[in-house]
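Residue numbers start from 1 in every chain, and the chains themselves are labelled A, B, ... in the order their sequence lines are given, proteins ahead of strands.
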Amino acid sequence: MLSLKYLQENKDEAIKALKIKNFDATEIIGKIIVLDEKRKESQVKLDATLAEMNGLSKEIGMLFKSGKADEANAAKEKTGELKDSIAELTAIQNSTIQELNDLLLQIPNTPHSSVPAGKGENENVIEKTCGIIPKLHAEAIPHWELAKKYNIIDFELGNKITGAGFPLYRGKGAILQRALINFFLDENRKAGYEEVIPPLVVNEASGYGTGQLPDKEGQMYHVTEDNLYLIPTAEVPVTNIYRDVILKEEDFPVKNTAYSACFRREAGSYGKDVRGLNRLHQFDKVEIVQLQHPDKSYEALEGMVAHVEGLILKLELPYRLLRLCGGDTSFTAALTFDFEVFSAAQEKWLEVSSVSNFEAYQSNRLKLRYKGKDMKKPELAHTLNGSALALPRIVAALLENNQTPEGIRIPEALVPYTGFELID
RNA sequence: GGAGAGAUGGCAGAGUGGUCGAAUGCGGUAGUCUUGAAAACUAUUGUGCGGCAACGUACCGGGGGUUCGAAUCCCUCUCUCUCCGCCA
């Protein structure tokens, strides 16, 4: 969430920026500022009353010690009234803070000045399109048919074991998954990201920390018995490593990468978009996360975009880079770049990575801060993350684009990982 | 799953009802000394909120209670450790 301080100091700027996200914040920010005044007022009163009470309690203690029990008991009489008003003021204070917090949670992150206006995905800006879209042979088929033909992904078996959206990879299909995961992790590690293996199930506090809760509750699988959630992305456990942490300024940049299975309920999805590997309930992804000094987060974002681009290039896939418009930028992001690869048989661009700078929006909830030597108080750090990369759509494009009458060709960079050059 | 013990500042660890935001040690930072370093010595060293500041206030795992007053007593939740059981 946005910080109160930011909203107070940059009210008009925030309202203007949020219009790019098609969010009219005029009323809500006005309410917040009024509520905060109220909060301050009740705080001052409460503190004064508490101070009075503390003083009185000390006095009573001294009176008892010096044997003046009568005076002490007389003083006790006075505390009742103070107690009542403390209870009352505390209640006001708590409900005001609660109300304030609820409102703050409703405001999306302010977009970066470079985010174009727009309602939805059609208005995203194509920054560049690279690579050659292959001309497939006459018998070319989409990946879900290739998966069956070469017996590498079994959707029906996944169906039997679990349900739709939980495919079973087998043989060279399974090896290809493992190869991609290792390839991505190795490349990320070479780029300075420390590898972690996080829990795949998180508690409520972590869900709140990265913003999946409360609003996206329905998108996560919930283990009600233990009140835990299956992670929709490694971003959740990895970013929560740094919840309630105060970093030293010289710790920046903090860079982590993690492979994880990801679980998404995808409630409301249906139809041709979910065919084959295009949209799954369980899929594999390698994620990169960075924590940065506020002055350097956009530089870091650029670096992350370049890194992801390098991965796609090594896989020899045709791709394009999109700068998301206000309407398509997520609630929590300030600036997002999407990578899409072209899947030649279904003739579709498929999103394979989303690289975002969240600025201080996630940090504010996480209470992730940093402190420099000359700083009196800690400040919020900036968080960034990106997929590097999500597997299923990469696999879809690899299968479709590289199909030949002899079999499916594996890109050179992956061969050391698969141990074979052809799926046949 | 059963029985017991515990959770205090960056770390270790004292504190069992009043002046305790909390002893002490280690660590960190700054300084003195030194050619430099080490050692020694001196000072300083948590976070939130309000305040220009002085200062006030809250925080001793989370929540609730008792009390004029709670780190300290009670209830509850979570987590950790030890032993037993079960088991990858």
Please give the nucleotide sitting opposite B/G21 as a Watson-Crick or G-U wobble pair, both distances under 3.5 Å, or none. none
Between A/Tyr417 and A/Phe183, how do the two ring planes meet: parallel, tilted or perpendicular, split at 30° and 60°? perpendicular
Round to the nearest Å and state the distance from A/Leu56 atom CG to B/C68 atom P. 11 Å
d(NZ, A/Lys58; P, B/G17) in whole Å: 19 Å
Along RNA chain B (nearest heavy atom to each residue), the more 5'-positioned of A/Lys76 and A/Met62: A/Met62
Which one is paired to B/A43, where only Watson-Crick or G-U wobble pairs with both distances under 3.5 angstrom count? B/U29
Less than 6.0 angstrom separating the ring centers of A/Phe252 and A/Tyr370, yes or no? yes
Given that both distances must come in under 3.5 Å, which nucleotide forms a Watson-Crick or G-U wobble pair with B/G1? B/C84
Reckon A/Asn54 touches a base, only the sugar-phosphate, or nothing at all at heavy-atom distances under 4.0 Å? sugar-phosphate
Review item, side-chain donor-acceptor pairs of residues 145-160 of chain A, under 3.5 Å, at least two apart:
unit_1	atom_1	unit_2	atom_2	d
A/Asp154	OD1	A/Glu156	N	3.1
A/Asp154	OD1	A/Leu157	N	2.8
A/Asn159	OD1	A/Ala164	N	3.1

Span that lies between the P atom of B/G2 and that of B/C77, in whole angstrom: 13 Å
Return a table of donor-acceptor pairs under 3.5 angstrom between the side chains of residues 6-22 of chain A and protein atoms on other chains or two or more places apart.
unit_1	atom_1	unit_2	atom_2	d
A/Gln8	NE2	A/Asp36	OD2	2.5
A/Asn10	ND2	A/Tyr6	O	3.0
A/Lys21	NZ	A/Asn109	O	3.1
A/Lys21	NZ	A/Ser330	O	2.7
A/Lys21	NZ	A/Phe331	O	3.3
A/Lys21	NZ	A/Ala333	O	2.7
A/Asn22	ND2	A/Gly118	O	3.1

Over how many whole Å does the gap from A/Asp251 atom CG to B/G10 atom P extend? 15 Å
Would you kindly give the CG-to-P distance between A/Leu228 and B/U78, to the nearest whole Å? 12 Å
Distance in angstrom units between A/Asp226 CG and B/C79 P, rounded: 9 Å
Of the nucleotides B/G69, B/G56, B/A58, which one has an atom closest to the side chain of A/Ser57? B/G69
Please state the C1' separation for the pair B/A14 and B/U67 - nearest whole angstrom. 25 Å
Test the A/Lys285-A/Tyr259 pair against the cation-pi criterion, namely NZ or CZ under 6.0 angstrom from the six-membered ring centroid and within 45° of the ring axis. no
Applying a 3.5 Å limit to both distances, which nucleotide forms a Watson-Crick or G-U wobble pair with B/U57? B/G48
Does the structure show a Watson-Crick or G-U wobble partner for B/G6, both distances under 3.5 Å? Name it, or say none. B/C79
For A/Leu82 and B/U57, give me the distance from atom CG to atom C1', rounded to whole Å. 15 Å
Between B/U32 and B/A38, how many Å separate the two C1' atoms, rounded to a whole number? 15 Å
For B/C60 and B/G13, measure between their C1' atoms and round to the nearest Å. 13 Å
Rounded distance in Å between the P positions of B/A43 and B/U24: 12 Å
Could you measure between the two P atoms, the one in B/C26 and the one in B/U78, and give it in whole Å? 40 Å
A/His112-A/Tyr298 aromatic ring centre distance below 6.0 Å: yes
Select from A/Lys248 and A/Leu46 the residue whose nearest nucleotide in RNA chain B is closer to the 5' end of that strand. A/Lys248
How many Å lie between NZ on A/Lys45 and P on B/A58, as a whole number? 18 Å
Output the rounded distance in Å from CG (A/Asp244) to C1' (B/G62). 13 Å
Where the side chain of A/Lys83 is concerned, which of B/A58, B/G69, B/G18 is the nearest nucleotide? B/G69
Any side-chain donor near an acceptor of the partner, A/Asn240 and A/Arg243, under 3.5 Å: yes
Quick one: look up who B/G69 pairs with, Watson-Crick or G-U, both distances under 3.5 Å, and put none if it's unpaired. none
Please report the distance separating the P of B/C49 from the corresponding atom of B/A37, rounded so that it comes out in whole Å. 39 Å
If I pick the C1' atom on B/A7 and the same atom on B/C11, what distance separates them, to the nearest angstrom? 15 Å
Regarding A/Gln93 and A/Ser42, do their side chains bring together a donor and an acceptor under 3.5 Å, going by distance alone? yes
At 4.0 Å (heavy atoms only), tell me whether A/Ala51 reaches a base, stays on the sugar-phosphate, or touches nothing. sugar-phosphate
Write down the partner of B/G36 under the Watson-Crick or G-U wobble criteria, each distance required to be under 3.5 Å. none
Modelled atom types, side-chain donor and acceptor of A/Ser114 and A/Arg323, under 3.5 Å: yes
In the 5'-to-3' direction, what one-character label does each nucleotide of nucleotides 43-52 of chain B receive under the scheme B = base within less than 4.0 Å of a protein heavy atom, S = sugar-phosphate only, - = no such atom? ----SSBS--
For B/A14, which nucleotide in any strand shown is its Watson-Crick or wobble partner with both distances under 3.5 Å? none
